2 protein chains.
Amino acid sequence: MSAQAPHNTLLIPGPIEFDDAVLQSMSHYAESHVAPDFVKVFGETLTLVRKLFQSTNPTAQPFIISGSGTLGWDLVSANLIERGENALVLNTGYFGDSFGQCLETYGANVTHLKAPIGDRTPLEEVEAALKEKSYKLITLTHVDTSTGVLSDVKGVAQLVRRVSPDTLVVVDGVCSVGSEEIAFDEWDLDAVLTASQKAIGCPPGLSIVMTSGRAIQAAQSRKTPPGAYYASIANWLPIMQNYENNKPSYFATPPTQLVHALHTTLTQITADVPGRFAIHTEVSDKVKAAAAELGLKQLAARPECQAHGMTAMYLPEGLVPADVLPGLLKRGVIFAAGLHKEIATKYIRFGHMGVSVTDPKRGDVDNALAALKEALTEAKQAKGL
Amino acid sequence: MSAQAPHNTLLIPGPIEFDDAVLQSMSHYAESHVAPDFVKVFGETLTLVRKLFQSTNPTAQPFIISGSGTLGWDLVSANLIERGENALVLNTGYFGDSFGQCLETYGANVTHLKAPIGDRTPLEEVEAALKEKSYKLITLTHVDTSTGVLSDVKGVAQLVRRVSPDTLVVVDGVCSVGSEEIAFDEWDLDAVLTASQKAIGCPPGLSIVMTSGRAIQAAQSRKTPPGAYYASIANWLPIMQNYENNKPSYFATPPTQLVHALHTTLTQITADVPGRFAIHTEVSDKVKAAAAELGLKQLAARPECQAHGMTAMYLPEGLVPADVLPGLLKRGVIFAAGLHKEIATKYIRFGHMGVSVTDPKRGDVDNALAALKEALTEAKQAKGL
């Protein structure tokens, strides 16, 4: 924690704790967005996004845009699908609902395949839906931040290519990119949208979207103009291409300090991408085992549906988040309350991503598990449970 | 420059130099966007935006959203006007063209009143246009960053209220808010959109929009749904209201570090808003006098059309920006090249906003004027002029 003011440890499913060097990049002195030094950094950062996605296909195209992760939904909905076309949303919670609303805003006909809370839709059901009508795109939330459910991105992508090869495969990776394995080219994905503040370990404020050549082609061959201006692929594409080719370019001013921070964290992450996934899996296993030992059930019941960067745990009967979170805070640990509206008062969420996982010297995860045990005991005693 | 690494002085029309305290706020440790401390800071920042606009009308509503200034155009175009309605764009350059494109993206019928380069459309012409058909909204660029032309916001607003009182008055204040006088309530404006990185003195990455009760009413009484999701007033309004009432709320994760930086700079600025305008005018007068002494003509010929936070100057015949900017850089000063596409190679732009103006100890403006004189002399000699 050396360079940072003393503070409670933020272990929610994003924003997350920062590496010192990343945070220092945020206070970079003022720079022109078209100055050679910044152009180089922005261009390199785009190339690092390719590495993050293990992508070497030159037709794939990364975008880094000032905005929240939510903006990525608009980038997809306003460019990759047209009014009256069909979208299939594999809905595993809060974020599937909202992505669907975004798609409808831009005129898509949205069909939701809702999985039960804590589970994902079986591939057979997805296959049946894909055979029923023609879908321009299918979306799935890789990790649903509200429930910690992990989707089978590789399996769904394979299925789509087999059953409905022209359907674009769109992944909401806000809560997965940086902690869950994604092989963009190999899995033949069309768009993965994410944000800076979760497993990527950068402060919030960047919408990051990786697109395939097929997706860019879909955007460029629209019969109607894009549905948005700020979220228009046509407006951003030449900018991203120019910056990556080391040429200054202007559509809107990029958030220079955040781009520096992203450059710093992606340089760290891409030094060993498989290693990053492995350590997140290892620490996640440890958290899940510890939770089980405390008698806490996960929302994601089946192991294959469990995310590796967060754990959503039901509280013991009789306890609500407000009984436990203050006890954690007293011990310097911040978890999040439930978010899925049907069961929000029944569970808590523990985010274990980024530097809290990759830097064991911090002791963040061990401290959190110890604090959780104490806070639970205390809460049960207070309630006479 | 104490706390910042040594660097050339950034004197373009945004981003601008930062105050040390503002930059330090950028490296604030990780926080949850719904934690009490952050909710308080975000709420206070919204209230500070009201003060910045000298607004006390409780029906007015500020928005602070992760994004570039450009996003403000979408917020206006997707919410305050509906498909098929008319928009009148008072076009003083590059940014009028683009705002018009954004409005058209969302289906507005756009009429441009184009002023000659370096000038603004006379009020009589605006009046004639307003009498010709019914406009849902009128937009004007307060300061056109591409040319340094200052529009008569107060005059246009008065005219609209007299001739077409229901027309919404929308001001693009990206390059004016913080350096040009704006009295939001008194001038009876409906929307002023701006960004963090110009005269507000914060790093880039925040879209800041101030709206009137009339504008919010227009958004809420639409016959059709908003044209965008991320840029939807309906999605953001409860969030902004909740934060200002000290209640956590979620639609998309706010850029916590940038909000801290905005809080810091707005606290400084709002300590004396009229004083801030006065010092920008004083320094601008000095820059303009010095430019005249060097024989440099401004793009904005008439004094009443000249911005106070920047100066766009024609170079002497025979010189292009690439002849002069490197000479400035050698002396530690960064100016911008021309941006208006018809004359981009004929002029340069000097941004004098924020801490470079308000903190005379820095000597930024005096150093820049001295460097400009030397660089010009050098360039003329090199060209045998």
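Remember, it's a predicted structure, so these values are computed and weren't measured experimentally. Letters go in sequence order (proteins before strands), and every chain restarts at 1.
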Problem set entry | A/Y29 side chain to B/N8 backbone, donor-acceptor under 3.5 Å |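 No, the answer is negative, given that no donor and acceptor are paired below the 3.5 Å cut-off.
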Exercise. A/S68 side chain to B/A252 main-chain N or O, any donor-acceptor pair under 3.5 Å?
Worked result: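 Not at all, since once roles are kept as given, no pair shorter than 3.5 Å links the two residues.
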Exercise. Side chain, backbone, both or neither: which part of A/L71 has an atom under 4.5 Å from a heavy atom of chain B?
Worked result: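 For A/L71, the contact with chain B is made by backbone and side chain together.
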Specify which of [options] makes the most heavy-atom pairs with chain B at under 4.5 Å.
{"options": "A/I334, A/T105, A/V22, A/N235", "result": "A/T105"}
{"options": "A/P254, A/S207, A/G67, A/P203", "result": "A/G67"}
{"options": "A/S196, A/G227, A/G69", "result": "A/G227"}
{"options": "A/A78, A/P15, A/P225", "result": "A/P15"}

Exercise. Can you name the closest pair of heavy atoms from A/L10 and B/E31 and give their distance?
Worked result: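 Closest pair (atom of A/L10, atom of B/E31, distance): CD2-C, 3.4 Å.
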Exercise. Do you know which two heavy atoms are closest between B/P255 and A/G205, and how far apart they sit?
Worked result: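 Residues B/P255 and A/G205, closest heavy atoms: CB-CA, 4.0 Å.
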For this session: Just give me the residue among B/I12, B/T70, B/I16, B/D74 that pairs up with chain A most often, heavy atom to heavy atom, under 4.5 Å.
Result: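 When all of B/I12, B/T70, B/I16, B/D74 are compared, B/D74 has the most.
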Problem set entry | Top of B/S232, B/A228, B/S25 for chain A proximity - count of heavy-atom pairs under 4.5 angstrom |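 Of B/S232, B/A228, B/S25, B/A228 has the most heavy-atom pairs under 4.5 Å with chain A.
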At a heavy-atom separation under 4.5 Å, does [X] approach chain A through its side chain, its backbone, both, or neither?
{"X": "B/F95", "answer": "side chain"}
{"X": "B/E104", "answer": "neither"}
{"X": "B/P13", "answer": "neither"}

Problem set entry | Point-to-point distance, once rounded to the nearest 0.5 Å, from CD of A/Q257 to CG of B/L258 |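 Here the rounded value is 8.0 Å.
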Exercise. Got a second to check how far A/M26's CE is from B/Q24's CD, nearest 0.5 Å?
Worked result: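 Result: 14.0 Å between the selected atoms.
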For this session: Report yes or no: do B/S77 and A/Y229 form a side-chain donor-acceptor pair below 3.5 Å?
Result: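 Per modelled atom types, B/S77 and A/Y229 side chains form no pair under 3.5 Å.
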Exercise. Aromatic rings B/Y250 and A/Y94: how do their planes relate, parallel, tilted or perpendicular, breaks at 30° and 60°?
Worked result: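 If you compare the ring of B/Y250 with that of A/Y94, the planes turn out tilted.
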